[in-house]
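Below is one structure; the comments refer to it alone.
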Amino acid sequence: MATTEVSGTARAAVGEGGQRRVTKRRAETRQRLLDAAYEVFTEVGFGRTRPELVCERAGYTRGAFYSQFGSMDELFLTLWEQWSVRMLDRMREILASREVAEVEDERELVEHVLRAVPIDGKWYRVNAEFTVHALRNPELRALVAAREQANIDAIMPVVEVLLARVARTITDREALGQALIAVHDGTMAQCLIEPDDPRVLARRVDLFYRVILSFSTRTSPG
């Protein structure tokens, strides 16, 4: 982890017991750095991005970076958390939508959900590069695994309710969660490689559909 350089302003934002107060200005600075980092990541890649590039894009000094993040790894994990929250919010919006309330079968449900989960080429490239980076670092790999599990834990309650709409009960919660993430990541790569082939998108729907059937069962009447 990089050496932390804390400015006087940052030190003033730390309360008793070392707990940092999250002020509006601090939150705005943090978000500007995150937005700038994502832009730089997509342009030059995670591996070639340095704090100086992020600060230059955001309009801050190097000290601003280290008042917010201890390393580029920490910054990326924060970006990942934001991305995960946005995806979960979209799934909750689907859950509350009238269209899903009227869904009658599993495949139709999958089609509705996938329409709200975008195939984001920029995010996929950055995330894939960070994953390779994490595989070379056991400590970071453990953090990524924990983040993946947190995503599964957050998503599965929504998936359970969605499947209940089509009278299905999950038989293996953990296995279904891991399988859904694996299918999402794998089919996204295929869709990005062959964006104009409708058969690839159709197979994406079909794979999600088959995974759901494999790890859930029809709910008995009553």
Side-chain angles (χ1 to χ4, degrees), residues 37-49 76-77 79-95 97 99-100 103 105-137 140-141 143-156 158-160 162-163 165-166 168 170-216:
Y38 184 60
E39 291 177 6
V40 179
F41 288 159
T42 60
E43 292 172 11
V44 305
F46 175 82
R48 296 178 62 187
T49 300
F76 179 84
L77 290 171
L79 265 179
W80 187 14
E81 183 175 2
Q82 288 190 347
W83 184 87
S84 300
V85 168
R86 286 194 293 268
M87 185 174 71
L88 183 59
D89 287 343
R90 286 194 295 268
M91 291 187 67
R92 286 171 175 156
E93 289 173 3
I94 296 167
L95 182 60
S97 68
E99 291 84 357
V100 168
V103 165
D105 64 72
E106 297 88 342
R107 192 178 187 88
E108 186 181 358
L109 176 66
V110 169
E111 291 171 346
H112 276 296
V113 172
L114 291 184
R115 278 197 288 270
V117 180
I119 297 174
D120 187 335
K122 288 183 177 180
W123 174 252
Y124 181 85
R125 289 193 297 273
V126 174
N127 188 44
E129 187 177 359
F130 183 80
T131 299
V132 173
H133 165 66
L135 289 173
R136 300 189 180 101
N137 183 325
L140 183 57
R141 189 170 67 236
L143 289 174
V144 170
R147 182 67 258 170
E148 286 277 16
Q149 188 59 53
N151 287 340
I152 292 173
D153 293 342
I155 290 171
M156 289 312 296
V158 180
V159 173
E160 285 179 323
L162 285 168
L163 289 180
R165 297 281 178 85
V166 290
R168 295 200 73 86
I170 297 173
T171 55
D172 191 330
R173 207 167 181 268
E174 183 176 358
L176 176 57
Q178 291 178 338
L180 289 175
I181 289 178
V183 171
H184 171 68
D185 291 347
T187 58
M188 183 180 292
Q190 293 174 329
C191 290
L192 290 169
I193 291 171
E194 302 179 84
D196 300 320
D197 189 341
R199 295 173 300 175
V200 176
L201 286 171
R203 292 189 195 111
R204 175 174 163 85
V205 172
D206 190 56
L207 278 170
F208 272 102
Y209 170 69
R210 292 177 183 277
V211 164
I212 285 174
L213 294 186
S214 296
F215 294 103
S216 67

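Put simply, the side chain of Met91 reaches to within 4.5 Å of the side chain of Val159, judged on heavy atoms. Residues Ile155 and Leu88 meet the side-chain proximity criterion, which asks for heavy atoms closer than 4.5 Å. Counting heavy atoms from C-beta outward, Asn127 and Trp83 have side chains that stay 4.5 Å or more apart. Proximity of Leu77 to Leu140: side-chain heavy atoms (C-beta onward) are separated by under 4.5 Å at one or more points. With a 4.5 Å cut-off on side-chain heavy atoms, Glu129 and Arg125 do not count as touching.
Partner of Asp206 under the side-chain hydrogen bond (donor to acceptor under 3.5 Å, both in side chains) criterion, out of Arg210, Arg203, Arg204: Arg210 alone. If you run side chain to side chain contact (heavy atoms under 4.5 Å, CB included) between Val205 and each of Arg115, Glu108, Arg107, only Arg107 comes through.
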- Test side-chain contact (heavy atoms from CB on, under 4.5 Å) on Val158 and Ile94 and set out the steps. CA-CA 10 Å; Val158 180; Ile94 296 167; over 6 Å; no
- Would you check, one step at a time, whether the test side-chain contact (heavy atoms from CB on, under 4.5 Å) holds for Leu213 with Tyr209? CA-CA 6 Å; Leu213 294 186; Tyr209 170 69; 3.4 Å; yes
- So Leu109 and Arg165, side-chain contact (heavy atoms from CB on, under 4.5 Å) or not? Walk me through it. CA-CA 9 Å; Leu109 176 66; Arg165 297 281 178 85; 5.5 Å; no
- Task: Please step through side-chain contact (heavy atoms from CB on, under 4.5 Å) for the pair Gln178 and Ile152, ending with a clear verdict.
- Result: CA-CA 7 Å; Gln178 291 178 338; Ile152 292 173; 3.8 Å; yes
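Formation of a donor-acceptor pair under 3.5 Å by the Glu160 side chain with backbone atoms of Ile170 is not found in this model. For the pair Thr171 (side chain) and Phe215 (backbone), a donor-acceptor distance under 3.5 Å is present.
Atom CD of Glu43 is separated from atom OG1 of Thr49 by 9.0 Å, given to the nearest 0.5 angstrom. The CG atom of Leu163 sits 5.5 Å away from atom OG of Ser216, with the distance rounded to the nearest 0.5 Å. Taking CG from Leu114 and NE2 from His184, the interatomic distance works out to 9.0 Å, rounded to the nearest 0.5 Å. Note: Thr131 OG1 to Tyr124 OH = 8.5 Å, rounded to the nearest 0.5 Å. Atom CZ of Phe208 and atom CD1 of Ile212 lie 8.0 Å apart (nearest 0.5 Å). Atom CG of Leu143 and atom CD of Glu148 lie 12.5 Å apart (nearest 0.5 Å).
Every ring pair (Phe, Tyr, Trp, His ring centres under 6.0 Å) that His133 has, sequence neighbours left out, goes to Phe46, Phe130.
Ring orientation note: the planes of Trp123 and Tyr38 are tilted relative to one another, at an angle of 30° to 60°.
Among all heavy-atom pairs drawn from Leu192 and Ile119, the shortest one is CD2-CG2, 3.7 Å.
Pairs engaging residues 187-198 under the salt bridge (charged side-chain N to carboxylate O under 4.0 Å, His left out) rule: Asp197-Arg199 [sequence neighbours left out].
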